[in-house]
Amino acid sequence: KLLNKLLERGGLRYRRIEGSYSSSAQEGYHRILQPCELELHEISQEAPTEAWIEGHLEKMLHFLKQHQGSKAAILVYSVATARRLYARLKDYFEPHSISVGENTGLTYRDDRRASYEKDILVGTSTVDIGVDFHINYLIFEAFNSGSFLQRFGRLGRHDEFDTYRAYGLIPRFVLERITQKLGTEAEVERIRFNEVIREAFPTEEEFEQYTKRWGV
């Protein structure tokens with residue numbers, strides 16, 4: 001909204017393109033996302049992402065073995081967290097012939113490129129945007145609505161898998177707000193779900209005062 005207002009005020013020529021979406025197959029529409037199973041779980045300082053993943057390693061292994069050819073991604077904010085998870089997952093999964101790759105701002109370029117071919121990719125925001133993931137299993141942290149929708153949107157971009165599953169790790173108050181809106185189990189269309197996510201997270205600051213200093 002802020003950008004559109006500034007473009008109009010500045011007299012710049014621009015075009016705003018909004019998509020027309022449907023949750024059911026229709027003539028003239030191209031599928032861009034597959035239906036996904038999503039579980040939401042609480043994380044906190046006392047029970048962080050690493051602890052949650054540690055407690056679900058066996059479940060993850062079972063999924064990867066049950067669905068041969070699956071690809072997984074784990075997306076976190078902290079580089080330090082990603083590197084610790086990478087080391088832990090490598091020790092746990094590679095004896096089962098499941099490869100693990102790291103992709104952070106500190107990862108060597110060739111290793112980042114190679115990480116997309118691994119069975120499990122552990123990454124940070126370096127892979128959030130502009131990467132077309134071929135995955136059907138996703139674990140991600142989210143502390144704002146934009147990050148949640150961006151990361152969840154990495155899943156189900158292709159139809160090469162028979163099932164798609166995601167685990168969203170979010171603060172308790174956000175989980176409670178979503179539960180109030182949707183209950184504990186629901187089948188929800190994407191557009192409605194996206195609205196609920198935007199409402200559940202705190203409103204993000206637009207930093208309008210910055211435009212007065214830097215916009216000129």
Side-chain angles (χ1 to χ4, degrees), residues 36 38-64 70-157 164-178 197 200-205 207 210:
C36 300
L38 170 66
E39 290 186 18
L40 299 175
H41 294 267
E42 172 193 344
I43 54 170
S44 63
Q45 289 185 336
E46 295 74 28
T49 296
E50 290 176 79
W52 188 91
I53 291 175
E54 182 69 37
H56 289 77
L57 289 177
E58 187 174 343
K59 189 174 183 178
M60 188 175 179
L61 176 62
H62 176 74
F63 180 93
L64 295 176
S70 290
K71 296 282 187 178
I74 299 175
L75 302 179
V76 297
Y77 287 102
S78 165
V79 172
T81 299
R83 304 203 84 172
R84 288 193 299 269
L85 283 172
Y86 167 69
R88 176 69 182 109
L89 296 177
K90 192 176 176 68
D91 288 343
Y92 184 88
F93 284 103
E94 292 206 339
H96 297 280
S97 299
I98 296 173
S99 59
V100 183
E102 177 189 350
N103 195 318
T104 72
L106 298 180
T107 308
Y108 184 64
R109 183 176 58 187
D110 289 346
D111 292 335
R112 284 206 306 268
R113 191 179 300 114
S115 69
Y116 297 115
E117 304 302 323
K118 302 295 185 180
D119 298 317
I120 302 173
L121 179 151
V122 182
T124 57
S125 57
T126 56
V127 295
D128 270 3
I129 299 173
V131 175
D132 195 15
F133 278 139
H134 287 253
I135 60 171
N136 64 323
Y137 191 96
L138 173 67
I139 299 173
F140 65 100
E141 292 179 318
F143 298 130
N144 59 65
S145 60
S147 180
F148 185 105
L149 296 175
Q150 178 67 35
R151 291 181 169 187
F152 183 43
R154 300 301 89 202
L155 182 69
R157 309 289 292 188
Y164 298 84
R165 187 170 302 170
Y167 297 88
L169 309 181
I170 56 180
R172 173 187 289 182
F173 75 93
V174 177
L175 181 58
E176 290 174 349
R177 290 177 180 178
I178 296 172
I197 292 299
F201 282 92
T203 302
E204 296 180 43
E205 179 59 60
F207 300 104
Y210 277 66

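Just so it is clear, the values below take in all heavy atoms, side chains as well, and ignore hydrogens, waters and symmetry mates.
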Notebook entry, point to check: Among pairs that include at least one residue of residues 73-87, which meet salt bridge (Lys or Arg N to Asp or Glu O under 4.0 Å), considering only residues two or more places apart or in two chains?
Noted result: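 Matches after skipping sequence neighbours: E50-R84, R83-E102.
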Next item on the list: Check the pair K71 / D119 against side-chain contact (heavy atoms from CB on, under 4.5 Å), numbers first and verdict last.
Entry: CA-CA 5 Å; K71 296 282 187 178; D119 298 317; 3.7 Å; yes
Notebook entry, point to check: Looking at CG of L85 and OG1 of T49, how far apart are the two atoms once the value is rounded to the nearest 0.5 Å?
Noted result: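 It comes to 8.0 Å.
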Check: Is the backbone N or O of N144 less than 3.5 Å from a side-chain atom of E204, with the two atoms forming a donor-acceptor pair by type?
Finding: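 No, because the side chain of E204 does not come within donor-acceptor range (under 3.5 Å) of the backbone of N144.
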Notebook entry, point to check: Are any of the side-chain heavy atoms of L138 and F133 separated by less than 4.5 Å?
Noted result: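 SC-SC contact between L138 and F133 ruled out.
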Notebook entry, point to check: When rounded to the nearest 0.5 angstrom, what distance separates CZ in F152 from CD1 in I197?
Noted result: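 CD1 of I197 is found 8.5 Å from CZ of F152.
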Item checked: Non-hydrogen side-chain atoms of P48 and I43 separated by less than 4.5 Å ->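 Of all side-chain heavy-atom pairs linking I43 with P48, none is under 4.5 Å.
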Next item on the list: Not counting sequence neighbours, which residues clear side-chain contact (heavy atoms from CB on, under 4.5 Å) with L61? List them please.
Entry: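 side-chain contact (heavy atoms from CB on, under 4.5 Å) list for L61, sorted by chain: K65, Y92, F93, H96, I98.
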Notebook entry, point to check: Should S44 and R172 count as side-chain neighbours, where that means a heavy-atom distance under 4.5 Å?
Noted result: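 Answer no - side chains too far apart.
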Margin query: Tell me the closest heavy-atom pair linking P171 and A142, and the distance in Å.
Written below: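 So the two residues come closest at CD-O, 3.6 Å.
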Item checked: Heavy-atom pair of closest approach, residues A82 and T124 ->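 Minimum heavy-atom separation between A82 and T124: CB-CG2, 3.9 Å.
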Check: Which heavy atom in R157 sits nearest to a heavy atom in R154, and how many Å separate them?
Finding: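 Of all heavy-atom pairs spanning R157 and R154, the closest is CG-O, 3.4 Å.
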Note to self: Between I53 and R88, is the side-chain contact (heavy atoms from CB on, under 4.5 Å) condition met? List the steps.
What the structure shows: CA-CA 10 Å; I53 291 175; R88 176 69 182 109; over 6 Å; no
Next item on the list: Walk me through it: do Y167 and M60 pass the test side-chain contact (heavy atoms from CB on, under 4.5 Å)?
Entry: CA-CA 11 Å; Y167 297 88; M60 188 175 179; over 6 Å; no
Margin query: Please report the interatomic distance CZ(F201) to CZ(R177), rounded to the nearest 0.5 Å.
Written below: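 It is 10.0 Å, given to the nearest 0.5 Å.
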Checklist line | Residue E58 excluded, over 12 heavy atoms near CD under 6.0 Å | finding: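 12 or below, so no.
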Next item on the list: To the nearest 0.5 angstrom, please state how far the CG atom of D111 sits from the OG1 atom of T104.
Entry: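 OG1 of T104 is found 10.0 Å from CG of D111.
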Margin query: Less than 4.5 Å apart, side chain to side chain, heavy atoms only: is that true for I170 and I178?
Written below: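 Sidechains of I178 and I170: in contact.
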Item checked: Under 3.5 Å side-chain donor-acceptor pair for Y77 and S147 ->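 Y77 vs S147: donor-acceptor pair found between side chains.
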Item checked: Any side-chain heavy-atom pair of I135 and L121 under 4.5 Å ->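 Not touching, per the 4.5 Å side-chain cut-off.
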Next item on the list: Go through the structure and list residues passing side-chain contact (heavy atoms from CB on, under 4.5 Å) with F63, not counting sequence neighbours.
Entry: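 F63 satisfies side-chain contact (heavy atoms from CB on, under 4.5 Å) with H67, S70, N136, Y137, T163, R165 only.
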Next item on the list: Provide the full list of salt bridge (Lys or Arg N to Asp or Glu O under 4.0 Å) pairs with a residue in residues 137-146, sequence neighbours left out, each pair given once.
Entry: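 Salt bridge (Lys or Arg N to Asp or Glu O under 4.0 Å) check on residues 137-146 returns no pairs.
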Note to self: Do V76 and I139 make a side-chain contact, defined as non-hydrogen atoms from C-beta onward lying under 4.5 Å apart?
What the structure shows: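 No, too far: nothing below the 4.5 Å cut-off.
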Checklist line | Residue H134 excluded, over 12 heavy atoms near NE2 under 6.0 Å | finding: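 Atom NE2 in H134 is packed in, count exceeds 12.
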Next item on the list: Can you see which heavy atom on D91 is nearest to which on P95, and at what distance?
Entry: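 It is O-CD, 3.2 Å.
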Note to self: Once ring pair (Phe, Tyr, Trp, His ring centres under 6.0 Å) is applied, do any residues pair with Y108, and if so which ones, sequence neighbours excluded?
What the structure shows: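 Expected list: none.
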Check: Taking only residues two or more places apart in sequence, or in another chain, which ones meet E117 in a side-chain contact (heavy atoms from CB on, under 4.5 Å)?
Finding: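 side-chain contact (heavy atoms from CB on, under 4.5 Å) list for E117, sorted by chain: empty.
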Next item on the list: Using side chain to side chain contact (heavy atoms under 4.5 Å, CB included) as the criterion, point out the one residue from K118, R113, R112 that pairs with N103.
Entry: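 Of all the options given, the one that passes is R112.
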